Number of protein chains: 2
Amino acid sequence: MIGYRSVILRLSHYRRCLRQFEELGYTRVFSRNLGQAAGVSAAQVRKDFSFFGLSGRRKGGYIIAELLEKINQILKKDRIEKVILVGAGHLGNALIKYKGFEKEGMQIVAAFDADPAKLGKKGEVPVYPMDELFRFVRDYGIRVAILTVPAAVAQDVGERLVSAGIRGILNFSPITLRLPERVIVSYINLAIELEHLLYYVNESQRENR
Amino acid sequence: MIGYRSVILRLSHYRRCLRQFEELGYTRVFSRNLGQAAGVSAAQVRKDFSFFGLSGRRKGGYIIAELLEKINQILKKDRIEKVILVGAGHLGNALIKYKGFEKEGMQIVAAFDADPAKLGKKGEVPVYPMDELFRFVRDYGIRVAILTVPAAVAQDVGERLVSAGIRGILNFSPITLRLPERVIVSYINLAIELEHLLYYVNESQRENR
DNA sequence: CTGTTTTTGTGAAATAAGGTACAATATCGC
DNA sequence: GCGATATTGTACCTTATTTCACAAAAACAG
Ligand SMILES: NC(=O)c1ccc[n+]([C@@H]2O[C@H](COP(=O)([O-])OP(=O)(O)OC[C@H]3O[C@@H](n4cnc5c(N)ncnc54)[C@H](O)[C@@H]3O)[C@@H](O)[C@H]2O)c1
Ligand SMILES: NC(=O)c1ccc[n+]([C@@H]2O[C@H](COP(=O)([O-])OP(=O)(O)OC[C@H]3O[C@@H](n4cnc5c(N)ncnc54)[C@H](O)[C@@H]3O)[C@@H](O)[C@H]2O)c1
């Protein structure tokens, strides 16, 4: 059997590109074009689709609407997923204000912060004190939280999230969380992403000398 | 030969953890502890280090200062790297305000935006009109830019960055940039990261039923 | 209707990444 | 100084992921 994790990630990228194509009025797409748009090879696209039983027509390419329907099924994007955000600071605010999540079937429905000065409405999203976290998560059946608090308190807040019932955390603070295995944590470390890019820029410049 | 890309990325993580340990007063570290802090296995740590000729002492672990020196050498972190940011909107602003980059040897020295209302100082970082981009990049020898403009103009702005001399771009807008091969582009797509996390949360819940 | 072109679907090969196990060796307690 | 113990360094194995290459099918042109 084929590896799995990486394909799933690419499906999200394909989905985004396919919707773009659809908006532009296209109804069919070739593996080569989709690959280019998503930043992968054509063979990769075909193999990924074949893995999930998505088929096109030789010489005719794939039908976008079909692909999208099947991908949405695989990724279980049948409804808007409600998530919360904890830490309504600089980064948290940017995320709260971002309109792009809803287009992708996700919505930040509330934020939480320990600082009373941060409470109130941020655009459309209410910011509640931390006390409310537990009840909110339970009442609305929230499963996923975005964590944008300072590193020093991230472990602590992470634990509170878990005890409130959160099952998945998108963590922006630059530390590794120690949480029960059942909780799924994704990390986005922007400093390291930048550092990594810098490394390859240095590298490529050394090559060309 | 061992894979390469992934090791380099992990070095950055090790570096961050080692500095944390150092701050806490430790001078030595075991592969197991470092692995735990960085979120990888102990064997992985040892293998990575051995690949770069970093050695410890059997039973005595690794000396943190030594590791850091060598890692800094490998990652060429011998000076503060100056980068610029284009698109001083919600997300751009959060990044501009972030103090954490400097601690990691990187600095956003200026931002650029097409909207006159955004110009001026954002904290310590000046925001210039787009006209100034070319000159600034040339005069200060800037090599890397963070791109936080709306998706609709990202390709366009990306091209301008390249023609100004930029060699690496950290792109937050949800599109694949078509740029000359010599330019290195890293992508951070927050919506897809969140979607991906949601997928695995769904998955794990289905398993436990 | 036939030959040509294009594009899919996939087996096989290549590459990358990660895990296991254990010998080698340093340290420690006594 | 010596046996017990802990930890590294690495050879080997397993799995995951990607690329290559090409036959098969569909579409098209004439
Ligand atoms: N801003 C960025 O661009 C950026 C870049 C990389 C990483 N990060 C990371 O993201 C996180 C947030 O960064 P930021 O710049 O938004 O910081 P920030 O200080 O602006 O925001 C942090 C927010 O968390 C709140 N908070 C503090 N303690 C809390 C607690 N115990 N419970 C709930 N809320 C609490 C604060 O009130 C504040 O509103 C940090 O971990 C930072 O390292 C941020
Ligand atoms: N805000 C988020 O949390 C978030 C999340 C995911 C992705 N993104 C992506 O990041 C990018 C920025 O998002 P944002 O929320 O900060 O948007 P924003 O609208 O707040 O900021 C965009 C900024 O770019 C500037 N700009 C527009 N056209 C420009 C041009 N041609 N040249 C230079 N500057 C120009 C605008 O004046 C504005 O200041 C978008 O591509 C968005 O899809 C943002």
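Chain letters run A, B, ... following the sequence lines, proteins first and then strands; every chain starts at 1. What you are looking at is a predicted structure, and each value in this text was computed from that prediction instead of being measured.
- At C/dG18, one or more side-chain N or O atoms of B/Ser6 fall inside 4.0 Å of OP1 or OP2 (strictly under the cut-off).
- Annotation: of the two residues near DNA chain D, A/Ser41 and B/Leu54, the 5′-most nearest-nucleotide partner is B/Leu54.
- Relative to the side chain of B/Arg57, the nucleotides C/dG9, C/dA26, C/dT7 differ in distance, and C/dA26 lies closest.
- Atom CD1 in A/Ile8 sits roughly 14 Å away from atom C1' in D/dT17 (whole-Å rounding).
- A/Arg46 comes within 4.0 angstrom of a base, heavy atoms only.
- Atom CG of A/Asp48 is separated from atom C1' of D/dT19 by 13 Å (rounded to the nearest Å).
- Look at A/Glu104 and A/Arg16 and you find no salt bridge, because none of the NZ, NE, NH1 or NH2 atoms lies under 4.0 Å from a carboxylate O.
- In the set C/dT7, D/dG9, C/dG9, the nucleotide with an atom closest to the side chain of A/Tyr62 is C/dG9.
- Under 4.0 angstrom from either OP1 or OP2 of C/dA17 there lies no side-chain N or O belonging to B/Gln44.
- Distance NE2/B/His13 to CD1/A/Ile192: 4.0 Å, rounded to 0.5 Å.
- B/Lys77 has a carboxylate O that lies under 4.0 Å from a charged side-chain N of A/Glu195, or vice versa, which qualifies the two as a salt bridge.
- Interface remark: the A/Lys47 side chain does not form any donor-acceptor pair with the C/dT10 base, using a distance-only criterion of under 3.5 Å.
- If you take CG on A/Asn33 and CZ on A/Arg28, they are separated by 11.5 Å, rounding to the nearest 0.5 Å.
- Between the CZ atom of B/Phe52 and the P atom of D/dT10 there is a distance of 15 Å, rounded to whole Å.
- A side-chain N or O of B/Glu159 and one of B/Gln155 form a donor-acceptor pair less than 3.5 Å apart.
- Set against C/dA23, D/dC28, C/dG9, the side chain of B/Arg58 has C/dA23 as its closest nucleotide.
- In this structure, CG of A/Leu67 is placed 11 Å from P of C/dT8, rounded to the nearest angstrom.
- If you measure from atom CD1 of B/Ile63 to atom C1' of C/dA26, you get 13 Å, rounded to the nearest angstrom.
- One can place CG of B/Leu9 at 15 Å from C1' of C/dG18, the figure rounded to the nearest angstrom.
- Between D/dA16 and A/Arg5, no contact under 4.0 Å exists linking OP1 or OP2 to a side-chain N or O.
- Taking atom CG of residue A/Leu34 and atom P of nucleotide C/dT7, one finds them 14 Å apart after rounding to whole Å.
- When rounded to the nearest whole Å, the span between CZ of B/Arg32 and P of D/dT8 equals 9 Å.
- Here B/Arg28 lies out of heavy-atom contact (under 4.0 Å) with every strand.
- Scanning atom types as modelled, no donor and acceptor separated by under 3.5 angstrom connect the side chain of A/Lys59 and the base of C/dT7.
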